[in-house]
Each structure stands twice: as structure tokens, then as C-alpha cells.
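Quick notes on the structure that follows.
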Amino acid sequence: MTEASATTARRQRRPMGRWKATIAVAMSNYIEAGSIIAIATSMSLWEEAFGLDSLAVGLLSALSANAFGAAIGAAVGGPLCDRHGRKFIYTYDLILYMIGTLFAVFAANFTMLLIGFLATGIAVGAGVTAAWTYIAEEAPNERRAGHVGVAQLAWSIGPAVGFLLAIIVSPLGLLGARLVFAHLFVVAAITWWVRRGLDESQRWKDQQANPNRVGTYRGFLQLFTDRRNVVALLFLIGVYGLWNTVAGQAGIFQPRVYEAAGLDSANAQNALQVLVWTLTSLATYFGFMKYGDAVSRRLLYFIGAALGVVAWSVLIWGPPGWTSLLIFAIGWGLSAGIGAQAFYGLWAAELFATRYRASAQGVMFMLVRVMVGVLSLWFPLMLEEVGLHGVGALIMGLLVAALVIGTVWAPRTRGKSLEEIEVERYGRLLDGGTSGGAAADAVGAADVGAPSRR
């Protein structure tokens with residue numbers, strides 16, 4: 001028995017409860033997405049209440065969970081997650097999140113609102129990074145996409161609930177917006193309580209128990225000195241970073257995009273978004289979770305990315321009216337369920353060794369959110385000055401590039417344990433000695449860019 005297979009055998013003897021742990025940790029994605037939607041649906045109300053201009057709106061968006069706030073959290077949380085454990089992050093990040101939501105609930109001025117948005121952003125940046133890492137490490141090998149998909153499902157349910165709540169509380173004005181943030185506080189409090197009883201990641205504990213393990217900071221430096229890690233980082237930023245630069249603007253500024261497309265009613269905009277995210281939830285469950293471990297991941301990714309390109313093409317250049325809006329909502333909703341973010345959560349865990357798996361996700365998530373943040377500073381002004389057609393070329397360029405990168409360089413990892421993938425990519429288990437034999441000869445088989453049979 002090779003070392004990789006022996007490690008996998010030990011993992012399979014873990015007690016039941018994986019789904020409970022997966023769901024509890026995946027709630028980081030619910031509150032992340034819920035935060036973004038709470039901001040998006042309330043921004044016009046904050047503008048009016050505090051007399052904000054477009055630059056202030058851009059600053060709030062850029063420093064929130066949608067961009068720089070999450071980037072800071074990911075940059076700090078990733079290395080801490082590798083050094084102190086996955087449970088360390090998902091035990092304490094929600095405390096900061098709850099403080100941030102309270103600032104938003106009781107915000108009396110721009111400064112309080114900015115502090116609240118920044119605090120929640122930092123918390124979700126750290127929490128989402130730890131969540132994706134933990135879920136993938138605890139998932140059965142043959143159902144890893146199914147478990148990672150739970151995080152994506154939570155991420156899509158969050159906006160669906162958020163937009164529905166926005167419709168319900170719209171008659172209350174700014175008070176309604178505060179209530180949406182209050183519901184996120186309650187969800188975060190319940191999630192924090194449930195997580196207290198979860199075990200630490202067994203893979204992280206095994207890695208920490210090895211007397212020859214590499215220290216966290218030395219391992220962090222290897223992310224940028226080992227060619228295999230650099231290539232994987234570039235690949236995942238190309239897949240997720242480019243796509244999320246578009247999705248990030250849609251998350252915060254979709255009401256403004258709909259206005260530019262001719263839909264002015266706030267309730268109609270929110271209803272359309274409920275449709276988008278309901279379809280995302282359905283596509284995540286019946287598409288990614290059901291088939292991500294059973295069919296060609298390259299094909300599944302291509303279908304999701306292509307649907308996104310078609311959806312935005314119709315919204316930008318199609319005839320104005322409800323037909324184009326509905327085609328966009330259906331296409332973008334289905335696309336998000338089986339597209340870049342779901343695969344990013346899966347591939348980001350698979351393509352890096354345990355010693356720096358969370359750090360790698362922290363670096364990537366930071367860079368991705370910085371990309372979103374930079375564009376968020378200017379996106380409202382761009383929409384005002386050049387309109388939807390003017391920003392259409394930028395949106396389409398980003399989506400098409402993400403489609404090509406993810407389809408052409410999809411890695412072959414389906415059905416393999418994380419240890420098997422690590423041996424194939426690095427030649428050995430980095431903190432467990434060499435496995436030798438045929439496994440060592442398989443170096444590179446799972447490398448990004450290898451022709452995919454899956």
C-alpha cells in the first residue's frame with residue numbers, strides 16, 4: 001500500500017457527521033453572499049439617508065465583503081488557517097462578522113456604515129477561505145464536488161433569501177434595510193454556536209503531527225517559488241478572478257445595471273434577482289453537486305461558462321424589454337450554479353498540498369477581491385458616463401477569457417484523494433515522505449494543463 005493510499009484509508013475510518021460539518025462550515029458562504037446582497041439592495045437608501053455621492057458609494061462597495069474587505073480577511077486568514085488550524089478561523093471569524101453587522105444595523109452616519117461593511121468583509125474573507133479548505137479536506141474522495149457544492153449552494157441561497165427579504169421589507173425603507181442586516185446577525189450567531197462542536201480537519205492534524213513538516217511561513221514562500229504552485233495560482237485566478245470581477249459588480253451594482261437596461265422598479269429588479277439566485281441554487285444542486293463527481297468536469301465547466309457569456313450578451317446587446325431580461329436571468333442563474341466559483345472552490349483545494357492549501361486560497365481570494373474592488377471604485381461612474389453598452393466589451397472580455405482558461409486547462413482530479421493528487425503533482429506527500437514506485441512516476445498527471453479525460 002502506498003503512503004497516499006494508507007493516508008486515505010485512515011481518513012475513511014473517520015466517524016459520521018461529514019454532512020453536518022459541511023453544512024455548518026458552508027454557512028460562511030451564505031453570510032458572505034447575504035452581506036453583498038444586503039449592501040446592494042440598501043445602497044440607494046443609504047445614499048439618500050446620508051447624502052452620499054457616487055465616489056462614496058464606490059468606496060463602501062470596494063471596502064465591503066465584495067472586495068477589499070474580503071481581500072484583507074483572506075490575506076490574513078489563509079496563513080492563520082494553515083498555522084493554527086481551520087477551526088481557529090471558523091470559531092472566531094463570525095464574532096467579528098456579528099460586530100460588523102451590528103454597526104450596519106445601527107449605523108447613524110457614513111463612518112459607522114463603512115466600519116460595519118469593512119468588518120463584515122474581513123470576517124467573510126477569512127471565513128470563506130477556511131470553509132472551502134475544510135470542506136474539501138473532510139469530504140469523501142468520491143463525493144468531494146458534492147460536498148464543495150454545499151458551499152456554492154449556501155452562496156446562492158443567501159442572495160435568493162436576501163432579495164426576497166428586500167422585497168418584503170421595502171415598505172419600511174431604511175428600517176427594512178437594517179432588518180436585512182439584523183437577519184444576517186442572527187444567522188451568524190446560530191452558525192457560530194453550531195460550529196463550536198465541530199472537529200478540526202483530520203488532514204491538518206496529520207500534517208501538524210509530522211515531525212519533519214515545513215513551517216507555515218516557509219511553506220507560504222513556496223507558493224511563489226515552486227513553478228507548480230505558480231501555474232496553479234495563475235490558472236485559478238484566470239478562472240475565478242476574471243469571472244468574479246464581473247460577478248462582483250453584478251452582486252453590488254446589479255440594480256444599477258438593470259436601470260441601465262431599462263428596468264427602473266426596485267421591486268421588479270429584486271424579483272428578477274430572486275429568480276436568478278433560485279435558478280443558481282437549483283443548478284448547483286442538480287448540476288454541480290449531482291454530476292461534478294460523475295461526468296467530465298471540463299464539459300460541465302464549459303456549459304456553465306458559455307451560459308454566462310450568452311446571458312450577458314443578450315442583456316447588453318439584445319432588444320430592450322422583459323424577454324432579454326428573462327433570458328439574462330435564466331442564463332446567468334444557471335451559469336453561476338455550475339460555473340467558475342463552484343469549480344474554484346473544488347480546484348483550489350485539490351491543486352495545493354495541505355501545508356499551504358488555505359494560504360493559497362487566501363492569496364487567490366485576496367487578489368480576486370482586489371480585482372473586484374478596483375473596478376468597483378469606478379463601475380458606478382462608468383455606468384453613468386458610457387452606459388451598459390459602453391462597459392459591455394469589458395464584461396464580455398473577462399467572461400470569455402475565463403471560459404477559455406477553465407475549459408482548456410481543466411485539471412484531471414475527479415475521483416482521486418487529495419493525497420493521490422498531491423503525489424501526482426509533487427512526487428510525494430510533502431509532509432509525509434516519498435511514496436515511491438508508480439505513484440512517484442505519475443508526477444504531473446494532475447498538473448494544470450494536462451489533457452483531461454474527465
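Keep in mind it's a predicted model, so treat the numbers as computed, not measured. Hydrogens, waters and symmetry mates play no part in the numbers below; they use all other heavy atoms, side chains included.
Nearest heavy atoms, Gly331 versus Ala311: C-CB, 3.8 Å. The heavy-atom pair separating Ser64 from Ile39 by the smallest distance is CB-CD1, 3.5 Å. Taking each heavy atom of Gly241 and Thr245 in turn, the nearest pair found is O-OG1, 2.6 Å. Pairing each heavy atom of Ala232 with each of Phe352, the nearest pair is CB-CZ, 3.6 Å. In plain terms, the two heavy atoms of Ala401 and Leu242 that are nearest each other are CB-CD1, 3.6 Å. Here the closest non-hydrogen pair linking Asn29 and Ala131 is OD1-CB, 4.3 Å.
Side chains of Leu233 and Leu367 form no contact here, defined as non-hydrogen atoms less than 4.5 Å apart. In this structure, Val239 and Tyr301 have side chains that are in contact, with non-hydrogen atoms separated by less than 4.5 Å. Contact annotation: the side chain of Leu351 never approaches that of Arg228 to less than 4.5 Å [non-hydrogen atoms, C-beta and beyond]. The closest side-chain heavy-atom distance from Trp192 to Asp93 is not below 4.5 Å. Side-chain contact between Arg357 and Cys81 is absent, with no heavy atoms from C-beta onward closer than 4.5 Å. You'll find the side chain of Leu325 reaches within 4.5 Å of the side chain of Leu315, heavy atoms only. When side chains are defined from C-beta on, Glu137 does not count as touching Gln202, because their heavy atoms never get closer than 4.5 Å. By the 4.5 Å heavy-atom criterion applied to side chains, Arg195 and Thr91 are not counted as neighbours.
With Ser324 contributing its side chain and Pro320 its backbone, the two residues share no donor-acceptor pair below 3.5 Å. Within the 3.5 Å criterion, the main-chain N or O of Leu263 finds a donor-acceptor partner in the side chain of Gln269. Of the possible polar contacts, one joining the Asp82 side chain to the Ser359 backbone as a donor-acceptor pair under 3.5 Å is found. Arg414 places a side-chain N or O within 3.5 Å of a backbone atom of Val295 that can act as its donor or acceptor partner. Using modelled atom types, one side-chain atom of Asp293 and one backbone atom of Gly146 make a donor-acceptor pair closer than 3.5 Å. At distances below 3.5 Å, at least one donor-acceptor pair connects side-chain atoms of Arg144 with backbone N or O atoms of Lys416.
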| field | Test side chain to side chain donor-acceptor pair (under 3.5 Å) applied to Tyr356 and Asn229, step by step | value | CA-CA 10 Å; Tyr356 37 60; Asn229 292 332; 3.1 Å; yes
| request: Test Gln152 against Gln341 for side chain to side chain contact (heavy atoms under 4.5 Å, CB included), laying out the working first. | output: CA-CA 7 Å; Gln152 178 71 7; Gln341 181 159 287; 3.3 Å; yes
| Step-by-step side chain to side chain contact (heavy atoms under 4.5 Å, CB included) determination, Asp206 to Thr354 | CA-CA 10 Å; Asp206 290 345; Thr354 301; over 6 Å; no
| Please walk me through it: do His183 and Val161 pass side chain to side chain contact (heavy atoms under 4.5 Å, CB included)? | CA-CA 10 Å; His183 117 273; Val161 172; 4.1 Å; yes
| said: The test is side chain to side chain contact (heavy atoms under 4.5 Å, CB included); show your working for Leu275 and Leu326 and say whether it passes. | reply: CA-CA 9 Å; Leu275 174 61; Leu326 287 173; 4.0 Å; yes
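Rounded to the nearest 0.5 Å, atoms CG (Leu80) and CD1 (Ile89) are 5.0 Å apart. A distance of 11.5 Å separates CG in Leu346 from CD1 in Ile135, rounded to the nearest 0.5 Å. Atom-to-atom distance recorded for Ile338:CD1 and Leu300:CG is 5.0 Å, nearest 0.5 angstrom. Taking CZ of Phe88 as the start and CZ of Arg83 as the end, the distance is 10.5 Å to the nearest 0.5 Å. Between the CG atom of Leu60 and the CE atom of Met43 there is a distance of 5.0 Å, given to the nearest 0.5 Å. Between Tyr97 atom OH and Thr191 atom OG1 the span is 9.5 Å, to the nearest 0.5 Å.
Note: Phe365 and Trp132 meet the aromatic proximity criterion, with ring centroids under 6.0 Å apart. Less than 6.0 angstrom separates the ring centroid of Phe235 from the ring centroid of Trp347. The distance between the ring centers of Phe185 and Phe181 does not fall below 6.0 angstrom. No close placement of the Trp155 and Tyr30 rings is indicated, their centers lying 6.0 Å or farther apart. Proximity of the aromatic rings of Phe343 and Tyr240 is defined here by a centroid distance below 6.0 angstrom, and this criterion is not met.
By the 4.0 Å N-to-carboxylate-O rule, Glu350 lies close enough to Arg297 to be salt-bridged with it.
Residue-environment remark: CH2 (Trp322) exceeds the threshold of 12 foreign heavy atoms within 6.0 Å. Within a 6.0 Å radius of OH in Tyr92, other residues, nucleotides and ligands contribute 12 heavy atoms or fewer. Annotation: Tyr285, atom OH; neighbour count of heavy atoms from other residues, nucleotides and ligands within 6.0 Å does not exceed 12.
The side-chain hydrogen bond (donor to acceptor under 3.5 Å, both in side chains) with Arg355 is formed by just one residue from the set Glu422, Gln222, Gln207; it is Gln222.
Using the six-membered ring where Trp is involved, Phe328 and Trp332 have ring planes that are parallel, under 30° apart on the 30 and 60° scheme.
The side chain to side chain donor-acceptor pair (under 3.5 Å) test applied to Thr280 returns no partner, not counting sequence neighbours. Partners of Trp46 by side chain to side chain donor-acceptor pair (under 3.5 Å), not counting sequence neighbours, listed by chain and number: Ser42.
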Identify every side-chain donor-acceptor pair in residues 107-130 under 3.5 Å, counting partners at least two apart or on other chains, and give the distances.
from   : atom 1 : to     : atom 2 : distance (Å)
Asn109 : OD1    : Thr111 : N      : 3.2
Asn109 : OD1    : Met112 : N      : 2.9
Thr120 : OG1    : Gly116 : O      : 3.1
Thr120 : OG1    : Phe117 : O      : 2.9
Thr129 : OG1    : Gly125 : O      : 2.9

